[in-house]
Number of protein chains: 2
Amino acid sequence: MRVTIADVARTAGVSKSTVSRVLNAKGEVDGRTAARVRDVIGRLGYVPSSRAVGLARGRSRTVGMLAPSLAWPWVAELVQGAVDAVEAAGYGLLLFTCSRGRESMTRLTAQVSANAFDGLLVVEPESETGAVAAMHRSGLPVVLIDDRARHPGFPSVATTNTLGGEQAAHRLLGLGRRRPLVVTGPRRFDCVRERLEGFVGALEGHGVGHDPRRTVEGGFGERSGEEAVTRLLAEGADFDAVFAHNDLSAMGALRALRAAGRRVPDDVAVIGFDDIPLAAYTDPPLTTVRQPLRAMGGAAAALLLARTGGGPPDDLPDDGRVVLPTELVDRASAPGPATAP
Amino acid sequence: MRVTIADVARTAGVSKSTVSRVLNAKGEVDGRTAARVRDVIGRLGYVPSSRAVGLARGRSRTVGMLAPSLAWPWVAELVQGAVDAVEAAGYGLLLFTCSRGRESMTRLTAQVSANAFDGLLVVEPESETGAVAAMHRSGLPVVLIDDRARHPGFPSVATTNTLGGEQAAHRLLGLGRRRPLVVTGPRRFDCVRERLEGFVGALEGHGVGHDPRRTVEGGFGERSGEEAVTRLLAEGADFDAVFAHNDLSAMGALRALRAAGRRVPDDVAVIGFDDIPLAAYTDPPLTTVRQPLRAMGGAAAALLLARTGGGPPDDLPDDGRVVLPTELVDRASAPGPATAP
DNA sequence: CTGAAAGCGCTTACAG
DNA sequence: CTGAAAGCGCTTACAG
């Protein structure tokens with residue numbers, strides 16, 4: 001039923017070796033022979049079985065991607081960027097998410113041992129660093145997205161988190177704000193530390209001290225931002241701006257400020273981080289530090305493909321790092337000179 | 001380097017056939033022999049090569065999923081639901097998106113011909129129906145998510161779009177609204193027609209006629225909702241509610257109403273469709289008709305797995321349809337009795 | 001330039 | 001209950 005290389009060979013009157021050669025443009029083949037084979041391939045609609053090719057070659061032209069839940073908009077963007085790049089290279093992307101906890105990791109590990117893919121893209125490994133390192137050690141090419149410092153040894157893609165923090169600070173300073181509230185993500189993330197450092201550093205560079213009591217650790221969810229602002233407001237804290245470490249918590253902050261009757265940006269300016277699609281649709285639209293998520297996904301895929309032999313080689317060392325720049329997106333929650341009313 | 005079934009066989013002093021039998025719990029194997037083999041497998045850390053198993057069995061324990069861009073929150077939810085179910089069954093999910101247009105389809109078709117996966121999940125095929133039907137005809141199990149009417153022949157998963165429209169109408173009627181503006185999605189979608197029919201039908205059932213001029217076709221984006229409301233407002237149209245066919249356009253509508261100084265829900269009540277995570281974070285929080293997206297993804301995966309032999313069989317006919325119920329989520333943009341101020 | 005043969009790592013009748 | 005052998009559909013030295 002399925003047409004195989006043997007059918008093509010028989011019909012064209014050549015050996016399977018020859019068919020394989022024209023298929024893979026490998027070795028010398030007589031022009032006319034090749035044309036005839038190609039013709040038969042076309043007529044029979046022959047497509048090599050990926051399973052058989054994979055077994056014979058020892059590679060599947062497939063990469064795996066392990067990511068947190070797609071319910072996070074930034075994860076979805078990253079995955080979309082990767083899937084585009086992988087697809088363009090003629091590879092397939094096997095998607096795994098951590099949403100089922102330990103069992104998800106068990107499944108992934110099994111697939112790795114089964115050699116189901118040629119390389120693995122990992123987004124923000126939280127507790128799975130050990131497992132990922134083990135896979136890497138066993139010879140699987142791995143590329144990380146973000147959080148490099150904790151995982152020397154494999155290439156990674158990150159964004160300028162420190163610069164991003166600085167960008168946020170500069171905007172707030174420009175607006176005359178001197179007492180910002182910072183709602184961070186979980187401290188264990190390097191990106192969180194970097195954003196905070198950049199932010200505080202820039203403030204201090206301008207002679208503005210940052211009271212640590214105005215830094216609240218959040219969990220990257222809307223809730224964090226909402227609760228942090230609500231609580232500090234209740235405690236009578238004095239702040240004239242919010243720098244949230246992602247857009248979701250910034251949205252929560254907006255909500256809490258609104259509930260408390262504080263005007264944004266007049267009473268409190270708000271800046272987020274990420275620039276998820278909906279950031280343009282909050283009220284007021286959210287000024288935010290944009291992470292080039294699609295591009296990061298694409299860059300990570302390119303690095304991985306280079307290491308699995310599926311893409312053009314790059315000149316990055318094995319523990320090299322690609323850093324894509326953040327950019328302040330000017331909207332009404334912390335308007336710049338051009339946007340100011 | 002990689003340990004194979006031959007290594008296990010040699011070490012355990014049995015044949016590969018026997019190892020295969022204990023691996024797959026197929027055929028009778030002496031208890032002690034089996035124990036010994038299992039022990040060796042454990043000690044050697046042997047895991048069968050998925051490529052070899054796939055070639056020998058003719059199936060890969062992998063399914064494909066073709067979806068629109070993950071930038072749509074509802075797509076991300078659907079994919080997450082599917083990936084969880086697929087993973088739980090020990091299968092892999094190869095993700096394809098249509099974001100690269102024709103080339104995306106070419107790549108997918110190639111993978112299908114190459115027999116790269118055992119079944120395909122398709123989300124809202126727009127222009128690709130021909131290609132999908134061809135794959136199905138060639139023997140590939142296919143399960144659709146939504147929009148069944150146009151594609152008889154394969155099983156599908158949908159939600160109660162008509163009922164959803166009715167639910168929205170009943171809420172607005174309950175609030176005393178008689179002149180709703182409807183911002184639909186593209187008319188070519190069956191779900192759009194059904195939502196509209198349900199909505200208008202329910203109004204008429206209550207003796208409320210619907211002026212077709214108050215129905216505006218949108219594109220499911222924030223823009224649609226914003227533009228529709230802005231335009232009708234400019235034209236001096238008279239409406240006291242908005243039923244948007246998805247949450248994104250509802251968010252656009254909220255934005256336009258705010259810009260025009262109309263109060264929500266007092267002047268204009270707003271209801272969306274989907275219940276994406278951010279619906280709870282608009283201002284005011286969005287009342288919406290919830291689609292059980294995760295569950296739909298999971299149900300579609302279950303149907304597909306049953307048809308690839310990877311899950312428990314279901315009793316659904318080959319062109320059967322699973323319909324999961326929508327549910328009105330009560331929030332402040334169109335508050336019910338309990339939520340009313 | 002081309003073919004026969006071995007090999008990739010499994011599964012599955014077929015014998016015993 | 002167990003093993004030898006063929007087969008899944010390719011690729012790749014090795015000869016010629």
Side-chain angles (χ1 to χ4, degrees), chain A residues 1-38 40-41 44-62 110-118 139 309, chain B residues 1-38 40-41 44-62 110-118 139 309:
Chain A
M1 31 173 300
R2 156 170 259 281
V3 3
T4 72
I5 197 173
D7 299 321
V8 175
R10 194 177 326 110
T11 310
V14 298
S15 71
K16 296 191 292 175
S17 316
T18 297
V19 178
S20 179
R21 283 192 197 97
V22 345
L23 236 27
N24 304 298
K26 230 172 201 172
E28 313 290 277
V29 178
D30 176 86
R32 273 160 324 167
T33 310
R36 182 153 38 95
V37 170
R38 262 189 275 275
V40 171
I41 288 176
L44 266 45
Y46 168 67
V47 178
S49 148
S50 57
R51 284 191 276 264
V53 175
L55 181 57
R57 282 218 259 257
R59 303 200 278 112
S60 336
R61 295 187 72 82
T62 296
Q111 299 256 16
V112 169
S113 311
N115 246 282
F117 38 79
D118 304 341
Chain B
M1 32 173 300
R2 155 169 259 282
V3 3
T4 72
I5 197 173
D7 300 320
V8 175
R10 192 179 325 111
T11 310
V14 298
S15 71
K16 296 189 294 175
S17 316
T18 298
V19 177
S20 177
R21 284 192 195 95
V22 346
L23 236 26
N24 304 298
K26 231 171 197 170
E28 314 289 276
V29 178
D30 176 86
R32 274 162 321 168
T33 310
R36 182 153 37 95
V37 170
R38 262 190 276 275
V40 172
I41 288 175
L44 265 46
Y46 169 67
V47 178
S49 148
S50 58
R51 283 191 276 263
V53 174
L55 181 59
R57 281 218 258 258
R59 303 201 277 113
S60 336
R61 295 188 73 82
T62 296
Q111 298 257 16
V112 169
S113 311
N115 246 283
F117 37 80
D118 303 343

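All chains are named by letter (A, B, ...) in the order of the sequence lines, taking the proteins before the strands, and each is independently numbered beginning at 1. Reckoned from all heavy atoms, side chains included, excluding hydrogens, waters and symmetry mates.
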K.L.:
Here's a test of your reading of the structure: between Ile5(A) and Val29(B), which maps to the more 5' nucleotide of DNA chain D?
P.N.:
Val29(B)
K.L.:
How far apart are the closest heavy atoms of Ser15(B) and Ala9(B), and which atoms are they?
P.N.:
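Ser15(B) and Ala9(B) have their closest heavy atoms at C-CB, 3.8 Å.
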K.L.:
Just distance, no hydrogens or angles: give the donor-acceptor pairs under 3.5 Å from side chains in residues 19-27 of chain B, sequence neighbours left out.
P.N.:
{"residue": "Ser20(B)", "atom": "OG", "partner": "Asn24(B)", "partner atom": "ND2", "Å": "3.3"}
{"residue": "Asn24(B)", "atom": "ND2", "partner": "Ser20(B)", "partner atom": "O", "Å": "2.9"}

K.L.:
In residues 54-62 of chain B, which residues come under 4.0 Å of DNA chain D by heavy atom?
P.N.:
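When residues 54-62 of chain B is checked for heavy atoms under 4.0 Å from DNA chain D, the hits, listed by number, are Leu55(B), Ala56(B).
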K.L.:
Write down the atom of Val14(B), the atom of Arg36(B), and the distance for their closest heavy-atom approach.
P.N.:
CG1-NH1, 4.1 Å
K.L.:
Tell me, please, which residues at least two apart from Val40(B) pass side-chain contact (heavy atoms from CB on, under 4.5 Å).
P.N.:
Val8(B), Thr11(B), Ala12(B), Arg43(B), Leu44(B)
K.L.:
For a 4.0 angstrom threshold against heavy atoms of chain B, report the outermost contacting nucleotides of DNA chain C in 5' to 3' order.
P.N.:
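Boundary nucleotides touching chain B, in 5' to 3' order, are dG9(C) to dA13(C).
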K.L.:
Does anything in residues 4-20 of chain B pair up under salt bridge (charged side-chain N to carboxylate O under 4.0 Å, His left out), and if so which pairs, sequence neighbours excluded?
P.N.:
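Of all non-adjacent pairs touching residues 4-20 of chain B, those that pass salt bridge (charged side-chain N to carboxylate O under 4.0 Å, His left out) are Asp7(B)-Arg10(B).
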K.L.:
For DNA chain C, please output the secondary structure as dot-bracket, reading 5' to 3'. Pairs are Watson-Crick or G-U wobble, both atom distances under 3.5 Å; mark crossing pairs with [ ], other-strand partners with |, unpaired with a dot.
P.N.:
|||.||||||||.|||
K.L.:
Can you give me the closest heavy-atom contact between Pro48(B) and Val53(B), atom names plus distance?
P.N.:
CB-CG2, 3.9 Å
K.L.:
With sequence neighbours left out, what residues match Thr62(A) under side-chain contact (heavy atoms from CB on, under 4.5 Å)?
P.N.:
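Listed in chain order: Ser60(A), Leu94(A), Phe117(A), Leu94(B).
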K.L.:
Among residues at least two apart in sequence or on other chains, which ones pass salt bridge (charged side-chain N to carboxylate O under 4.0 Å, His left out) with Arg38(B)?
P.N.:
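Listed in chain order: nothing, the list is empty.
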K.L.:
Under the side-chain contact (heavy atoms from CB on, under 4.5 Å) test, which residues partner Ala52(B), sequence neighbours left out?
P.N.:
Leu55(A), Ser49(B)
K.L.:
Please list, chain by chain and in numerical order, all residues satisfying salt bridge (charged side-chain N to carboxylate O under 4.0 Å, His left out) with Arg57(A), sequence neighbours excluded.
P.N.:
none
K.L.:
List in chain and number order the residues that pass side-chain contact (heavy atoms from CB on, under 4.5 Å) with Arg61(B), two or more places apart in sequence or in another chain; answer none if no residue qualifies.
P.N.:
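With sequence neighbours excluded, Arg61(B) shows a side-chain contact (heavy atoms from CB on, under 4.5 Å) to Tyr91(B), given in chain and number order.
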K.L.:
Looking at every heavy atom in both Val47(B) and Ala110(A), which two are closest together, and how far apart are they?
P.N.:
CG1-O, 4.1 Å
K.L.:
May I ask you to decide if Ser113(A)'s main-chain N or O and Arg2(B)'s side chain share a donor-acceptor pair within less than 3.5 Å?
P.N.:
yes
K.L.:
How is Arg21(A) classified with respect to the nucleic acid when contacts are heavy atoms under 4.0 Å: base, sugar-phosphate, or nothing?
P.N.:
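Base, at least one base atom sits under 4.0 Å.
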K.L.:
Using a 4.0 Å cut-off on heavy atoms, which residues in residues 8-20 of chain A reach DNA chain D? List them by number, or say none.
P.N.:
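Output list: Lys16(A), Ser17(A), Ser20(A).
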